[in-house]
Amino acid sequence: MKSPVHRCRDVEHGRGQEGGSVVVSGTSYLQEEQRIPISKDIITSSSALAVWFIRDACGIACSVVTWMLVLYAEFVVLFVMLLPSKNLMYSIVNGALFNSLAFLALASHFRAMCTDPGAVPKGNATKEYIESLQLKPGQVVYKCPKCCSIKPDRAHHCSVCKRCIRKMDHHCPWVNNCVGENNQKYFVLFTMYIALISLHSLVMVVLHFLYCFEDDWTKCSSFSPPATVILLILLCFEGLLFLIFTSVMFGTQVHSICTDETGIEHLKGETGKWGKVPCWEATQAAFGGPFSLSWCSPFTGPSCRQRAPDLLAAVPRGEVIEEDVIEISLS
């Protein structure tokens, strides 16, 4: 009589399957609906305590462009519209508001870029590691053939990060990182604050144009009238473009959180393969607990749950499993 076994399957390509069942050495085992995936709390990130940064040329360039565009908007708002204004209270209020939103937007961008999105340890697809999980009979072990990792449920491989990411929504070049379980809050805040400063700058551009038309153009700006018009038109175009883009991204992310379904899961049609949580519960998990002002802060973590000490233990070393489908006996 065979001892309980756990099967290691290539989930990316579905190799070793016939008619919805896992086939090992010619024998059909668990049906699709009987499989019990591994919890995300069992397989954790090995880079949780390390500095996270993706060395992707396109992503780095897009991130630099993002900061330059925000700084350009800052320059036009301050030196073209607010400082030359004769209304001191108008300049103070709008300057404080715009700079606060811009600071929060850049801080959110930095946290989204430099936070581990939920990467699964590389090369942990070993017999020793699977045995250390002490899984119950009937549970299924998923192996990624690209990064040789045993990944939990709802994890997907990112070709740019070259890692499997827990609850990966998509890879965003504008933050040079994946949007996943650990940094989705920061990405949502980034899109929200960019949309707000874009809307704010558009309103100020319209008011400044009206003011300059009524008054002498030479008195409403420190620059020449042609330079002022060009700078304002460029800011107007930038603000309108990013208002539309970030508003759509913000709405998409909020919908993803409320439905407890990532963008990749929706595209792959994986709905219903896990137990979805209610909208408010999913929102609290993404933003870090009960509703408070910390939800709007990029300086607080996305989750109030603490990692157990044993989850940060070193992964047992061993030879990486090369087969797509194998049997591992666990006494």
Side-chain angles (χ1 to χ4, degrees), residues 52-54 56 58-74 98 100-118 154 156 158-161 165-203 235-268 270-271 279-280 282-288 295-303:
W52 180 270
F53 185 76
I54 303 301
D56 176 58
C58 177
I60 294 174
C62 290
S63 299
V64 171
V65 169
T66 300
W67 280 65
M68 290 179 63
L69 290 173
V70 174
L71 294 178
Y72 170 78
E74 180 83 16
F98 184 87
S100 298
L101 293 176
F103 172 76
L104 290 172
L106 293 179
S108 300
H109 181 274
F110 182 80
R111 292 299 301 273
M113 179 173 59
C114 297
T115 298
D116 175 3
R154 304 184 68 182
H156 295 85
C158 174
S159 59
V160 179
C161 297
I165 308 296
R166 298 195 307 270
K167 291 186 70 174
M168 173 183 170
D169 186 87
H170 68 288
H171 183 92
C172 179
W174 294 104
V175 297
N176 188 35
N177 201 2
C178 276
V179 177
E181 181 181 64
N182 292 347
N183 68 343
Q184 189 173 29
K185 169 189 174 177
Y186 305 131
F187 184 76
V188 172
L189 292 180
F190 168 66
T191 56
M192 181 183 73
Y193 288 129
I194 289 294
L196 289 177
I197 64 173
S198 297
L199 178 61
H200 189 202
S201 62
L202 284 173
V203 172
L235 178 60
C236 184
F237 177 77
E238 176 191 342
L240 184 61
L241 178 65
F242 278 92
L243 174 62
I244 297 174
F245 177 73
T246 54
S247 297
V248 171
M249 289 301 301
F250 175 78
T252 301
Q253 291 300 305
V254 171
H255 178 267
S256 174
I257 293 174
C258 290
T259 58
D260 192 24
E261 182 182 52
T262 66
I264 289 184
E265 290 166 348
H266 178 72
L267 290 175
K268 290 188 174 183
E270 297 178 352
T271 306
C279 175
W280 186 243
T283 305
Q284 288 181 318
F287 285 88
W295 279 23
C296 299
S297 172
F299 304 105
T300 58
S303 177

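We're numbering straight along the sequence, starting at 1. What you are looking at is a predicted structure, and each value in this text was computed from that prediction instead of being measured.
Here the closest heavy-atom approach between residue Met168 and residue His156 is recorded as SD-O, 4.0 Å. Between Ile197 and Ala102, the closest heavy-atom pair is CG2-N, 3.7 Å. The heavy-atom pair separating Gly263 from Ser256 by the smallest distance is N-OG, 4.4 Å.
In this structure, a donor-acceptor pair under 3.5 Å is present between the side chains of Asn177 and Trp52.
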Inset, instruction - Report the C-alpha distance between Thr246 and Tyr193 in whole Å, list the side-chain angles of each, state the deciding distance to 0.1 Å, and finish with yes or no for side chain to side chain contact (heavy atoms under 4.5 Å, CB included). - result: CA-CA 9 Å; Thr246 54; Tyr193 288 129; over 6 Å; no
Inset, instruction - Please test His170 against Gln253 for side chain to side chain contact (heavy atoms under 4.5 Å, CB included), starting from the C-alpha separation and ending with a verdict. - result: CA-CA 10 Å; His170 68 288; Gln253 291 300 305; 3.6 Å; yes
Inset, instruction - Decide side chain to side chain contact (heavy atoms under 4.5 Å, CB included) for Thr283 and Cys258; before the verdict, give the C-alpha distance in whole Å, the side-chain angles of both, and the deciding distance to 0.1 Å. - result: CA-CA 6 Å; Thr283 305; Cys258 290; 4.2 Å; yes
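Side-chain contact between Ser63 and His109 is present, with heavy atoms from C-beta onward closer than 4.5 Å. Contact annotation: the side chain of Met249 approaches that of Phe187 to within less than 4.5 Å [non-hydrogen atoms, C-beta and beyond]. When side chains are defined from C-beta on, Leu196 does not count as touching Leu104, because their heavy atoms never get closer than 4.5 Å. In this structure the side chain of Tyr186 never reaches within 4.5 angstrom of the side chain of Val175, judged on heavy atoms.
Interatomic distance, Lys185 NZ to Thr300 OG1, rounded to the nearest 0.5 Å: 2.5 Å. Separating the CG atom in Asn176 from the SG atom in Cys114 is a distance of 8.5 Å, to the nearest 0.5 Å. The CZ atom of Phe103 lies 9.5 Å from the OG atom of Ser108; values are rounded to the nearest 0.5 Å. Taking CG from Asn183 and CE from Met113, the interatomic distance works out to 11.5 Å, rounded to the nearest 0.5 Å. Note: Glu238 CD to Leu202 CG = 9.5 Å, rounded to the nearest 0.5 Å. Taking CD1 of Ile257 as the start and NE2 of His255 as the end, the distance is 11.5 Å to the nearest 0.5 Å.
Proximity of a side-chain donor or acceptor of Ser201 to a complementary backbone N or O of Ser198 within less than 3.5 Å is detected. Within the 3.5 Å criterion, the main-chain N or O of Cys62 finds a donor-acceptor partner in the side chain of Thr66. Under a 3.5 Å cut-off, the side chain of Asp169 and the backbone N or O of Thr262 do not form any donor-acceptor pair.
Residue pairs satisfying the salt bridge (Lys or Arg N to Asp or Glu O under 4.0 Å) criterion with at least one member in residues 239-258, sequence neighbours excluded, are absent.
The salt bridge (Lys or Arg N to Asp or Glu O under 4.0 Å) test applied to Asp260 returns Arg154, Lys167, not counting sequence neighbours.
Counting heavy atoms of neighbouring residues, nucleotides and ligands inside a 6.0 Å radius, atom CZ of Phe299 exceeds 12 of them.
Between His200 and Phe98, the two ring planes are tilted [angle within 30° to 60°]. In this structure, Trp280 and Trp295 have tilted ring planes: the angle between them lies in the 30° to 60° band.
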